[in-house]
Amino acid sequence: MPLLQGPFVRCRFSATLLVLWFILTGFTCTGSEHAATATLPAAFSDLLPHFLVEPEDEFIVKNKPVTLTCRSTPATQIYFKCNGEWVHQDDHLIERTVDPATALPIMQVTIDITRQQVEKVFGLDEYWCQCVAWSTTGTQKSQKAYIRIAYLRKNFEEEPQGKEVALDQEVLLRCHPPEGVPQSEVEWQRNEDVIDPASDPNFFITTDHNLIIKKARLADTGNYTCVAKNIVARRKSNSATVLVYVNGGWSTWTTWSSCSAVCGRGWQKRSRSCTNPTPLNGGTSCEGQNVQKSACVATCPVDGGWSEWSKWSACGAECSMWRSRDCTQPSPGTGGKDCQGLDLQSLNCTSEQCPQTVNGAEDVALYVGMVAVVLCLTLLLIVVVLVYRRKKEGLDADVADSSILTTGFQPMGIKPSKPENSHLLTIQPDLTTTTTSYQGTLRSRHDGTGKFSMTNGPLLDPLPNGSHTLHNGKLNSDPAEYVSRLSTQTYFKTLPRDMANTSYGTFNFLGGRLTIPNTGISLLIPPEAIPRGKIYEIYLTVQRKEDLRLPLAGCQTLLSPVVSCGPPGVVLSRPVILSMDHCSDACLDNWAVRLKKQSYEGTWEDVLLMGEELVSEPYYCQLEAETCRLFSEQLGTFALVGESLHMGAAKRLRLVLFSDAYCSTLEYNIRVYCMDDTQDVFKEVMQMERQLGGRLIDEPHVLLFKDSYHNLRLSIHDMPQAHWRSKLLAGYQEIPFYHIWNGSQRYLHCTFTLERLSLSTCELTCQLCVWQVEGEGQSFSLDFNIAKDTRAVDSEFLLMDSNGTALAGPSAFQIPYLIRQKICSSLDAPCPNGADWRMLAQRLKLERHMSFFASKASPTSVILDLWEAQHFHSGNINQLATVMADIGKQEAMIFLVSDGEC
């Protein structure tokens, strides 16, 4: 039988007879149509077949059959087996060729699978096919290919539902696509336009196909459709309408109008409008009045009246005399008229009263006398100049009066410790040194109008010539006069005029401290920070957040108050230490904390990244659990800004509950403030509630608020239903995430309006629940009597820091100046055994900042500055003395003495 010539051989035989025939004879099929097997050349007879192409999984779309392909080399036979049964030989399409590179024969077999074949398979098993290849050496099986019928059902298992949401609120639209094979892909459309989260990060599609709008905008109002599609079909859900509404908000009150009465009792009014923002898309209108009226009393105008004429003056050289009167009986006021007429009269003298002209000899005597007076005045001026220069040089002289440098170093706290229980860090005064005193005018300005309590005696004893002698303590001064002088300069025109949050002082080389009470903000000016011979007037103030907004982007948030100290541009010999609270969780693994500084032009720039400080830079930060200590060689406006690195970053919030101090109606309001956990914000809220007549009904609580884009929810539960009910329509109130995270919202709070069923009901017990959506929450129990405690906000919260706002000289420090100098000279020099400033830093747990201390000319002085900043109110100077004793520096002359030994 001749062999078939050509690249392909096609054979069709009965499968059973064909296999039997090949086994008995090794027959090679020839012909134009059929070929079942082939004999291999002797060189390849010992090779097992391997597959070049194996059948792949396929989907049958509608009624279209799928084709499975199998290719192997070298192979004498290839057959398909589907679901364990051999496919009929007539259903195989065989093609043969030869690999030109290896001369191996290649056999390819294809079969078609129809929808009817797959549908015949019942049960849980899926329809599969596998090809088997033979050679003279053995057989090989290919991978299984699964054939499934593709479909996509019409009905969605869950369709999105329409919602009405407030501006900036998070929106969740759910979608569960129809069942299908293969599994369908899901996309979202808004008004028939496909939503792409990559181009608009405000949208997020979850793994289970739900759509999240992180922060609802007005532009997000529309019809949302969930679309599911696969290779078979494309299905659309019913559209869900999302309506973003805006609740109205009041604008600020206008200024009061002028009094309606020109003289006497009248009224004045002010107004506001519901335009901040204007309600949109069905949002609620503003509650309350848009006009307020108040009674006023206009001071009546007072016309001026002349006083009595003064006596006539003596007759002058020009033969005239004068008399005057003033417009002070009464003085004109409140728009009254000035006095009419002359305030000065002259009258010619008679010839007898007119002085006679002197002769020539008397003229010479007069001129000689005048020259003598001029010489005396010149000598007196020279003496005054010399005395002034000597006093000025006295500023640069070392202060050797140990009573000046060592008195008043008792630790300053909220309550002075009793003498019988105190221990003093003392040093023997050098009695051989000449005592000097500073005759300058070192003043300490502050924001109070009352007198300071002198803890260590008067600061300035008045001298007969009007100068002052420097002692420990502080000096009263009028801050309004200081502000008026600053406001004449361009840079200071933007400074706040809030005296309650501002502190002023005048300092020289002895240094001092500025403190804003009850805010946790202070500025320590170490000794020698101001160059000798210089006197600076320095201020410290807190900026209002709404007056000075920082540019925040992405996940950034304000972590501290915005603090200004100045004036900028003053020359400092050493860094000052600015202390302020922060509200981060103090874990630098969660945050990228940056120090921002405002330039002269008003722009903000990053000057420091926490954890990557350079000792060569003029700024350095120590971040404690609740406080930041900033070493700065320049004064200016500073703020801490944090950027969360992941969703584990958290801010500390302080939750404070207030209610009305007096309640005579059935309605009772509970206000829950959610503020940054810093003392300055707490102080503002306490002052505002005191003005409103509110009272604190529970201790403040701290809550960690995570960067998870989820809002904060608050609700009240477990009220006695027989006596109280809530007038809140929803089950909870919600504060948008970005209102809290941004940190620029003042007085952020929710008000719960409750109603008692009887005026005799006074006891209220309930549970306040606060939680972040999809996060852990906290629950607080409230139990109080609304009638018994009718006190307004207790002033003790506003008087926690009773120390003066400005302390100049040694009274600002716990360590006396001379003792400090001896400690520095003893520890600055390196010791082989390590008993130097490095051991002091380790004992005070400041070893993290070793490189920063080492970069300074006197590391010990910087360590003591930081200790002073940390322990101004609660420092134990005996503990510092014990540390020095442990180091073994006896030459520092530091020891403990009890009152009895003194």
Side-chain angles (χ1 to χ4, degrees), residues 57-64 115 126 146 148-247 280-283 554-555 647 706-713 730-732 734-738 741 771-775:
D57 293 345
E58 296 288 347
F59 293 96
I60 296 177
V61 179
K62 298 182 179 178
N63 292 320
K64 296 178 182 179
R115 183 186 185 99
E126 293 183 300
Y146 290 90
R148 302 176 180 89
I149 299 175
Y151 67 94
L152 183 62
R153 301 196 184 279
K154 292 183 179 181
N155 297 326
F156 281 74
E157 296 187 11
E158 184 178 7
E159 292 187 298
Q161 302 296 321
K163 292 185 178 182
E164 294 183 0
V165 296
L167 187 68
D168 296 334
Q169 185 177 345
E170 184 182 86
V171 183
L172 174 63
L173 297 178
R174 298 184 179 277
C175 176
H176 197 166
E179 180 185 353
V181 174
Q183 187 175 0
S184 60
E185 298 178 357
V186 174
E187 67 181 18
W188 282 87
Q189 294 180 352
R190 181 184 63 190
N191 299 333
E192 302 299 327
D193 295 329
V194 177
I195 296 174
D196 183 12
S199 60
D200 190 348
N202 195 41
F203 293 102
F204 178 71
I205 299 177
T206 64
T207 55
D208 51 354
H209 313 303
N210 296 329
L211 176 65
I212 294 178
I213 305 176
K214 300 177 183 178
K215 184 179 180 182
R217 305 161 295 192
L218 288 175
D220 294 328
T221 298
N223 297 320
Y224 288 81
T225 308
C226 181
V227 180
K229 59 183 178 180
N230 63 5
I231 60 176
V232 178
R234 189 169 183 264
R235 312 289 188 204
K236 279 188 174 183
S237 69
N238 292 326
S239 295
T241 300
V242 174
L243 181 65
V244 181
Y245 63 85
V246 179
N247 292 325
L280 294 173
N281 297 337
C555 300
M647 295 176 66
K706 294 187 177 181
D707 181 19
S708 61
Y709 296 102
H710 293 304
N711 300 337
L712 188 69
R713 291 180 177 176
Y732 56 85
E734 194 165 84
I735 302 178
F737 169 83
Y738 286 98
W741 193 256
W771 74 99
Q772 204 170 354
V773 181
E774 298 185 10

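Predicted model, so just to flag it, every value in this text is computed and none were measured. Atom set for the values below is all heavy atoms of this structure, side chains included, hydrogens, waters and symmetry mates excluded.
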key: For the student: nearest non-hydrogen atoms of Asn711 and Glu170, plus distance   = ND2-N, 3.7 Å
remark   = Heavy-atom nearest pair, Leu152 first then Pro178, reads CD1-O, 3.9 Å
key: Under 3.5 Å side-chain donor-acceptor pair for His176 and Glu157   = yes
query = Hey, is the main chain of Tyr146 close enough, under 3.5 Å, to the side chain of Glu126 for a donor-acceptor pair?
reply = no
Expected output: side-chain Trp741 to main-chain Lys706 donor-acceptor under 3.5 Å = no
task = Ignoring hydrogens and angles, tell me if any N or O in the side chain of Arg235 forms a donor-acceptor pair with the backbone of Arg153 under 3.5 Å.
result = yes
message = If you count every heavy atom of other residues, nucleotides or ligands that lies below 6.0 Å from Glu158 atom CD, does the total exceed 12?
response = yes
query = Can you name the closest pair of heavy atoms from Arg217 and Val244 and give their distance?
reply = O-CG2, 3.3 Å
ask   = Between the main-chain N or O of His710 and the side-chain N or O of Gln772, is there a donor-acceptor pair closer than 3.5 Å?
value = yes
remark   = The complete set of side-chain hydrogen bond (donor to acceptor under 3.5 Å, both in side chains) pairs with one or both residues in residues 224-233, sequence neighbours excluded, reads Thr225-Ser239
query = With a 4.5 Å limit on heavy-atom distance, are the side chains of Cys226 and His209 in contact?
reply = no
query = Does the Asn223 side chain pair with the main chain of Asn191, one donor and one acceptor, at a distance under 3.5 Å?
reply = no
inquiry  = Has Lys163 got a side-chain atom pairing as donor or acceptor with Ala240's backbone, closer than 3.5 angstrom?
reply    = no
request  = Provide the closest heavy-atom pair for Gly282 versus Tyr245 in the form atom of the first, atom of the second, distance.
outcome  = C-CB, 4.4 Å
ask   = Which heavy atom of Asn210 sits nearest a heavy atom of Arg174, and at what distance?
value = OD1-CA, 3.1 Å
task = Working to the nearest 0.5 Å, report the span between CZ of Phe156 and CG of Asn238.
result = 9.0 Å
request  = Please tell me if the side chains of Asp168 and Phe737 come closer than 4.5 Å, counting only heavy atoms from C-beta onward.
outcome  = no
message = Let me confirm one number: the CD1-CD1 distance from Ile195 to Ile213, rounded to the nearest 0.5 Å.
response = 7.0 Å
message = I need the minimum non-hydrogen distance between Val232 and Tyr151, along with the two atoms involved.
response = CG2-N, 3.5 Å
ask   = Counting N and O atoms only, with roles assigned by atom type, does the side chain of Asn63 sit under 3.5 Å from a partner on the main chain of Arg115, one being a donor and the other an acceptor?
value = no
